[in-house]
Amino acid sequence: MAEPLQIARGKDLTGRRAVVTGAASGMGAAAAARLLAEGAHVLGVDRVGDGIVGTHTLIADLGDADSIASIAGAAESLLGGCDILINNAGVCPSGPFADMAEADWNAALGINVTAVMKLTRALMPLLAASGRGRVVNVGSIMSRYGDAGLVAYTTSKHAVLGLTRALAMELGPQGITVNCVQPGAIATGMTRSLFEDTPGAKDYYAGRSALGRVGQPEDVADVMVFLATDDARFITGQGIMVDGGVMVHS
Ligand SMILES: NC(=O)c1ccc[n+]([C@@H]2O[C@H](COP(=O)([O-])OP(=O)(O)OC[C@H]3O[C@@H](n4cnc5c(N)ncnc54)[C@H](O)[C@@H]3O)[C@@H](O)[C@H]2O)c1
């Protein structure tokens, strides 16, 4: 007969301490709200102050040299540790490759990749001390395929998946899981102008989904939060498509 499981199970997040970046808008705000609803204490971080969701909030630009240390310091002083890190903040510069400003390339790589690496490393001691540390990164369907006009973004999101897999191996021995969600087209601040100002754009993306609609922030946030629960304890190094079926077909 199989041995009974001697490990924590369940979806309860009461008292867990979470850091969520990009918590003022879109999927980050939805993830922070869901974590709060599940009983977690949340440090919401964003570069804009308006609307950050969290038990505690911190205005910090992940591109600034001293932000990473301030976030780690706030996790320690305000939350008393960190069990969950949701590396959600991201930027999406777009336009023809020939005209791409180096600043756009640097922003995509700097915020979407380097800041994720730095913040994860800064919070590593707290996540290891937790005994059930969880890192949830945000890749994209663009972690799997490429598109014209999105060279820097596509490169950055491929890197997020690679970072996720390598860190899963590196941090596994400390009891930390590392995964990423790979959203499809989601109605957030990032896609607002595309969906509202480009005729037919929203219908085009809805039509590519098996479910006939674009995603809402909560569609993805709920999966991020699942990955932070004890029930997700044996999932690590994965990129999970949350795209309504867009990637099922070509
Ligand atoms: N919306 C989509 O269709 C879609 C699809 C796939 C992946 N994503 C990814 O989802 C994540 C969340 O984006 P969203 O769609 O919710 O967009 P959003 O623009 O609504 O939210 C992103 C948040 O990140 C914050 N942010 C950006 N740069 C920052 C910085 N330097 N420092 C601190 N905060 C910063 C913004 O202020 C904003 O509040 C991003 O990583 C994005 O690349 C989005």
Side-chain angles (χ1 to χ4, degrees), residues 5 7-13 16 18-22 26-28 30-32 34-35 38 40 82-90 111-121 123-124 126-128 130-146 153-186 188 209-211 215-250:
L5 278 174
I7 43 189
R9 301 171 70 185
K11 294 185 174 57
D12 186 24
L13 293 173
R16 301 282 167 94
V19 173
V20 180
T21 67
M27 293 179 248
R34 180 68 197 265
L35 285 164
E38 299 300 335
C82 181
D83 308 292
I84 300 162
L85 168 59
I86 300 194
N87 280 313
N88 161 82
I111 305 306
N112 298 357
V113 186
T114 306
V116 172
M117 176 278 291
K118 285 186 176 172
L119 188 57
T120 306
R121 195 158 59 170
L123 288 173
M124 241 172 66
L126 300 182
L127 289 161
S130 152
R132 48 191 172 194
R134 297 278 190 270
V135 178
V136 181
N137 297 328
V138 182
S140 166
I141 53 175
M142 306 304 288
S143 305
R144 183 184 289 181
Y145 76 89
Y153 187 73
T154 301
T155 305
S156 75
K157 291 301 183 180
H158 273 62
V160 168
L161 186 55
L163 182 63
T164 298
R165 289 172 169 155
L167 281 178
M169 295 309 296
E170 184 98 17
L171 304 186
Q174 297 170 59
I176 302 170
T177 67
V178 186
N179 293 290
C180 73
V181 290
Q182 294 182 240
I186 313 297
T188 67
S209 151
L211 299 173
Q216 295 303 313
E218 292 76 11
D219 291 327
V220 181
D222 292 348
V223 180
M224 296 179 187
V225 172
F226 164 69
L227 289 169
T229 66
D230 289 339
D231 279 353
R233 63 193 170 272
F234 209 52
I235 303 174
T236 197
Q238 300 304 306
I240 299 184
M241 294 287 177
V242 189
D243 66 348
V246 167
M247 294 299 289
V248 171
H249 65 103
S250 59

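Heavy atoms only: backbone and side chains are in, while hydrogens, waters and symmetry mates are out.
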Handout entry: Residues Leu127, Leu171; criterion side-chain contact (heavy atoms from CB on, under 4.5 Å); working and verdict
Key = CA-CA 10 Å; Leu127 289 161; Leu171 304 186; 5.8 Å; no
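- Every side chain to side chain contact (heavy atoms under 4.5 Å, CB included) that Ser209 has, sequence neighbours left out, goes to Leu211, Val246.
- Applying the 6.0 Å contact sphere to CD of Gln216 captures more than 12 heavy atoms from other residues, nucleotides or ligands.
- The minimum heavy-atom distance between Ala232 and Phe226, with the atom names listed, is CB-O, 3.3 Å.
- Residues Arg16 and Asp230 approach most closely at NH2-OD2, 3.0 Å, considering heavy atoms.
- At least one side-chain heavy atom of Asp231 sits less than 4.5 Å from a side-chain heavy atom of Arg9.
- A donor-acceptor contact shorter than 3.5 Å is absent between the side chain of Arg132 and the backbone of Asp83.
- Checked by atom type and distance alone, the side chain of Gln174 never pairs as donor or acceptor with a backbone atom of Gly172 at under 3.5 Å.
- When all heavy atoms of Ala221 and Ala31 are compared, the pair lying nearest together is CB-N, 3.4 Å.
- Annotation: side chain of Met169 is not in contact with side chain of Arg165 (no heavy-atom distance under 4.5 Å).
- In this view, Asp12 satisfies the salt bridge (Lys or Arg N to Asp or Glu O under 4.0 Å) rule with no residue, not counting sequence neighbours.
- In terms of heavy atoms, Thr177 sits closest to Arg233 at CG2-O, 3.6 Å.
- The closest donor-acceptor contact from the side chain of Asp243 to the backbone of Pro183 lies at 3.5 Å or more, if one exists at all.
- Of the possible donor and acceptor atoms, one in the side chain of Asn179 sits under 3.5 Å from a partner among the backbone N and O of Gly237.
- You'll find the side chain of Met142 stays beyond 4.5 Å of the side chain of Val160, heavy atoms only.
- The shortest distance between side-chain heavy atoms of Ile86 and Leu35 falls below 4.5 Å.
- Taking each heavy atom of Val178 and Thr236 in turn, the nearest pair found is N-OG1, 2.9 Å.
- Closest approach of Val138 to Cys180, counting heavy atoms only: N-CB, 4.4 Å.
- Taking a 6.0 Å sphere around CZ of Arg144, one finds it holds 12 or fewer heavy atoms contributed by other residues, nucleotides or ligands.
- With Leu167 as the partner, the side-chain contact (heavy atoms from CB on, under 4.5 Å) test is satisfied by one option alone out of Ile176, Val116, Thr120: Thr120.
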